Novice: 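Let me give you the structure first, and then I'll get to my questions.
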Amino acid sequence: MLKVMWNGRSGLYSSQNRIDVISNNIANIDTNGYKRLDVAFSDIFNESLDRLGTPITNNDKSNLTVGSGVRGEELIRNFSQGLIKETGNKTDVAIVGEGYFKVKDGDGNYFYTRDGAFNIDANGNFVHSSGLFLEIENYNNNLSINDNFIIKSNGDVYNLVDGSEELVGKINVYEIIGQDSLKQKGENLFAADNANIKESTNLKQGYLEKSNVDIAKELTDMLVTQRAFELNSRTVKTADDMWQIANNIRGK
């Protein structure tokens with residue numbers, strides 16, 4: 001019974017972890033460029049069934065094991081493309097396909113994001129919603145929010161002056177070597193140790209990439225996980241009741 005209680009307890013913790021992750025996904029359904037998370041589970045330990053008292057008909061008994069208990073092993077991020085939505089705002093930029101924008105804080109630390117909702121501050125910087133500056137190659141902060149500029153699909157930024165295009169910089173898109181190594185830093189930002197400029201990019205000015213959270217899937221997963229939580233709680237309670245009965249019988 002003790003084993004049943006420990007298995008049920010581990011199931012309760014694991015289910016609670018997944019409910020927390022699903023809740024976080026739902027809370028970020030309107031976060032630009034957010035990539036949904038899921039939990040990968042694994043057995044806490046495996047027991048061999050090759051022992052006395054266990055009826056086995058398979059001749060190869062040495063490889064037969066049974067899992068005991070479960071735990072949330074790691075968080076798995078889904079990097080699939082989110083919905084591209086038109087905003088009409090000329091400082092909004094969406095990445096179609098893989099890659100990340102590179103932004104910098106005041107201390108020179110670099111971060112990466114898929115959130116392309118930028119603004120231009122009084123000093124001509126393209127500013128992320130977190131307050132960090134977008135890296136633009138060869139850019140001399142010579143644009144203002146009132147300028148008529150265009151951002152082409154390859155990242156080139158042109159200022160339109162008297163009908164002519166003046167190249168003022170290039171927005172590079174970075175690919176992360178081993179996306180699973182991304183470290184979440186809050187504010188829709190990631191840190192990465194190994195990032196390179198992508199040779200071909202597809203940017204869309206006036207659009208934003210929304211999150212890739214599917215609310216129908218999240219609600220279905222929430223329902224399944226809540227039922228798993230309920231089942232594990234019943235397992236613990238049943239084992240506890242049986243233990244009490246056994247103790248009462250032994251005490252008479």
Side-chain angles (χ1 to χ4, degrees), residues 24-37 77-104 111-139 141-176 179 182 184-190 195 197-219:
N24 185 65
N25 288 336
I26 294 175
N28 284 285
I29 194 168
D30 288 326
T31 301
N32 297 324
Y34 175 80
K35 302 301 179 188
R36 70 178 298 272
L37 287 167
R77 190 172 294 279
N78 183 329
F79 291 101
S80 63
Q81 176 84 54
L83 177 69
I84 302 295
K85 185 176 181 180
E86 185 173 7
T87 65
N89 188 347
K90 61 186 178 183
T91 57
D92 288 342
V93 190
I95 299 174
V96 180
E98 296 181 352
Y100 296 82
F101 297 110
K102 188 176 185 179
V103 293
K104 182 174 69 173
F111 301 89
Y112 301 87
T113 181
R114 294 276 298 188
D115 179 6
F118 299 105
N119 279 306
I120 300 178
D121 66 11
N123 297 319
N125 297 300
F126 278 65
V127 185
H128 183 251
S129 57
S130 61
L132 275 62
F133 301 139
L134 173 66
E135 182 198 71
I136 305 178
E137 186 177 344
N138 297 325
Y139 178 59
N141 297 21
N142 42 0
L143 287 179
S144 73
I145 194 65
N146 297 319
D147 286 330
N148 187 19
F149 61 88
I150 58 174
I151 301 171
K152 298 197 173 182
S153 62
N154 66 353
D156 286 342
V157 184
Y158 289 90
N159 190 17
L160 300 181
V161 181
D162 298 330
S164 61
E165 296 181 350
E166 177 189 356
L167 181 64
V168 295
K170 179 178 176 61
I171 299 174
N172 289 316
V173 174
Y174 287 77
E175 59 182 348
I176 309 299
Q179 288 192 105
L182 283 170
Q184 192 165 345
K185 293 295 182 180
E187 302 282 349
N188 215 1
L189 301 171
F190 298 96
I197 296 176
K198 277 178 65 66
E199 293 185 0
S200 64
T201 60
N202 186 6
L203 301 183
K204 295 189 73 170
Q205 183 183 18
Y207 290 80
L208 281 178
E209 180 189 10
K210 309 304 289 183
S211 77
N212 65 351
V213 174
D214 181 345
I215 188 64
K217 175 175 173 46
E218 299 301 330
L219 293 177

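Everything quoted here is computed from the prediction, not taken from an experiment.
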Novice: So Val127 and Phe133, side-chain contact (heavy atoms from CB on, under 4.5 Å) or not? Walk me through it.
Specialist: CA-CA 5 Å; Val127 185; Phe133 301 139; 4.0 Å; yes
Novice: How close do Ile176 and Ala195 get, heavy atom to heavy atom, and via which atoms?
Specialist: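 Of all heavy-atom pairs spanning Ile176 and Ala195, the closest is CD1-CB, 3.6 Å.
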Novice: If you round to the nearest 0.5 Å, how far is CG of Asp147 from CG of Asn159?
Specialist: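 CG of Asp147 is found 4.5 Å from CG of Asn159.
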Novice: Tell me, with the steps shown, if Tyr207 and Asp92 meet side-chain contact (heavy atoms from CB on, under 4.5 Å).
Specialist: CA-CA 6 Å; Tyr207 290 80; Asp92 288 342; over 6 Å; no
Novice: Tell me, with the steps shown, if Val96 and Leu203 meet side-chain contact (heavy atoms from CB on, under 4.5 Å).
Specialist: CA-CA 6 Å; Val96 180; Leu203 301 183; over 6 Å; no
Novice: Once you round to the nearest 0.5 Å, how far does NZ of Lys204 lie from CD1 of Ile151?
Specialist: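 Result: 13.5 Å between the selected atoms.
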Novice: Is Glu218 close to Arg36 at the side-chain level, that is, under 4.5 Å between some pair of heavy atoms?
Specialist: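 Contact flag for Arg36/Glu218 side chains = yes.
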Novice: Measure the spacing between CD1 of Ile95 and CD1 of Ile171 and express it to the nearest 0.5 Å.
Specialist: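 The CD1 atom of Ile95 sits 9.5 Å away from the CD1 atom of Ile171.
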Novice: Below 4.5 Å, heavy atoms only, C-beta onward: do Val103 and Leu189 meet side chain to side chain?
Specialist: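 They are in contact (side-chain heavy atoms under 4.5 Å apart), so the answer is yes.
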Novice: Looking only at heavy atoms, which two atoms of Leu208 and Gly116 are closest? And how far apart?
Specialist: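 Minimum heavy-atom contact is CD2-C, 3.4 Å.
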Novice: Check each of Asp115, Asn24, Asn188 against Tyr34 using the side chain to side chain donor-acceptor pair (under 3.5 Å) test, and report the only one that passes.
Specialist: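 Running side chain to side chain donor-acceptor pair (under 3.5 Å) over Asp115, Asn24, Asn188 with Tyr34 returns exactly one hit, Asn24.
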Novice: As an exercise, state the distance from CD1 of Ile197 to NZ of Lys170, rounded to the nearest 0.5 Å.
Specialist: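 It comes to 8.5 Å.
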Novice: Could you measure the distance from the CG atom of Asn212 to the OG1 atom of Thr31? Nearest 0.5 Å is fine.
Specialist: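 Nearest 0.5 Å value for the CG-OG1 distance: 11.0 Å.
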Novice: If you define the side chain from C-beta out and look only at heavy atoms, does anything of Ser211 sit under 4.5 Å from Asn28?
Specialist: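 The answer is no, as the side chains (C-beta and beyond) never meet within the 4.5 Å cut-off.
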Novice: More than 12 heavy atoms of other residues, nucleotides or ligands under 6.0 Å from NZ of Lys198: yes or no?
Specialist: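 Count over threshold, so yes.
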Novice: Can you tell me if Tyr139 uses its side chain to pair, donor with acceptor, with the backbone of Asn125 under 3.5 Å?
Specialist: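 It does not hold such a pair.
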Novice: Under a 4.5 Å cut-off applied to non-hydrogen side-chain atoms, are Val157 and Leu143 in contact?
Specialist: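 Yes, side chains in contact.
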Novice: For a 4.5 angstrom cut-off between non-hydrogen side-chain atoms, does Asn78 reach Leu37?
Specialist: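 Not in contact.
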Novice: Hey, does the Lys NZ or Arg CZ of Lys152 hover above the aromatic six-ring of Tyr158, less than 6.0 Å from the centre and inside 45° of the axis?
Specialist: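 Yes, cation above the ring, under 6.0 Å and within 45°.
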Novice: Give the C-alpha distance, both sets of side-chain angles, the deciding distance and a yes or no for side chain to side chain donor-acceptor pair (under 3.5 Å) between Asp162 and Ser164.
Specialist: CA-CA 6 Å; Asp162 298 330; Ser164 61; over 6 Å; no
Novice: Where do Glu135 and Tyr174 land on the side chain to side chain donor-acceptor pair (under 3.5 Å) test, with the steps shown first?
Specialist: CA-CA 11 Å; Glu135 182 198 71; Tyr174 287 77; 2.6 Å; yes
Novice: Taking the ring of Phe101 and the ring of Phe118, is the distance between their centroids below 6.0 Å?
Specialist: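 Ring centres of Phe101 and Phe118 closer than 6.0 Å.
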Novice: Verify side-chain contact (heavy atoms from CB on, under 4.5 Å) between Leu219 and Ile26, making sure each step is shown before the conclusion.
Specialist: CA-CA 9 Å; Leu219 293 177; Ile26 294 175; 4.2 Å; yes
Novice: Could you tell me if the side chain of Asn32 sits less than 4.5 Å from the side chain of Lys210, heavy atoms only?
Specialist: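 Answer yes - side chains close enough.
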Novice: Do Ile215 and Ile29 have side chains that approach each other closer than 4.5 Å (heavy atoms only, starting at C-beta)?
Specialist: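 Heavy-atom side-chain distance check passes, below 4.5 Å.
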Novice: Roughly how far, to the nearest 0.5 Å, is the NZ atom of Lys90 from the CD1 atom of Ile145?
Specialist: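 Between Ile145 CD1 and Lys90 NZ, I get 5.5 Å after rounding to 0.5 Å.
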Novice: Can Lys35 and Glu209 be counted as an ion pair, charged N to O under 4.0 angstrom?
Specialist: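 Glu209 and Lys35: salt-bridged.
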Novice: Could you verify whether a donor N or O on one side chain and an acceptor N or O on the other, from Asn154 and Thr201, lie under 3.5 Å apart?
Specialist: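 No.
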Novice: State, to 0.1 Å, how close Glu98 and Val173 come at their nearest heavy-atom pair, and which atoms those are.
Specialist: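 Closest approach of Glu98 to Val173: O-CG1, 4.1 Å.
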Novice: Less than 4.5 Å apart, side chain to side chain, heavy atoms only: is that true for Arg77 and Phe190?
Specialist: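 Yes - at least one pair of side-chain heavy atoms lies under 4.5 Å apart.
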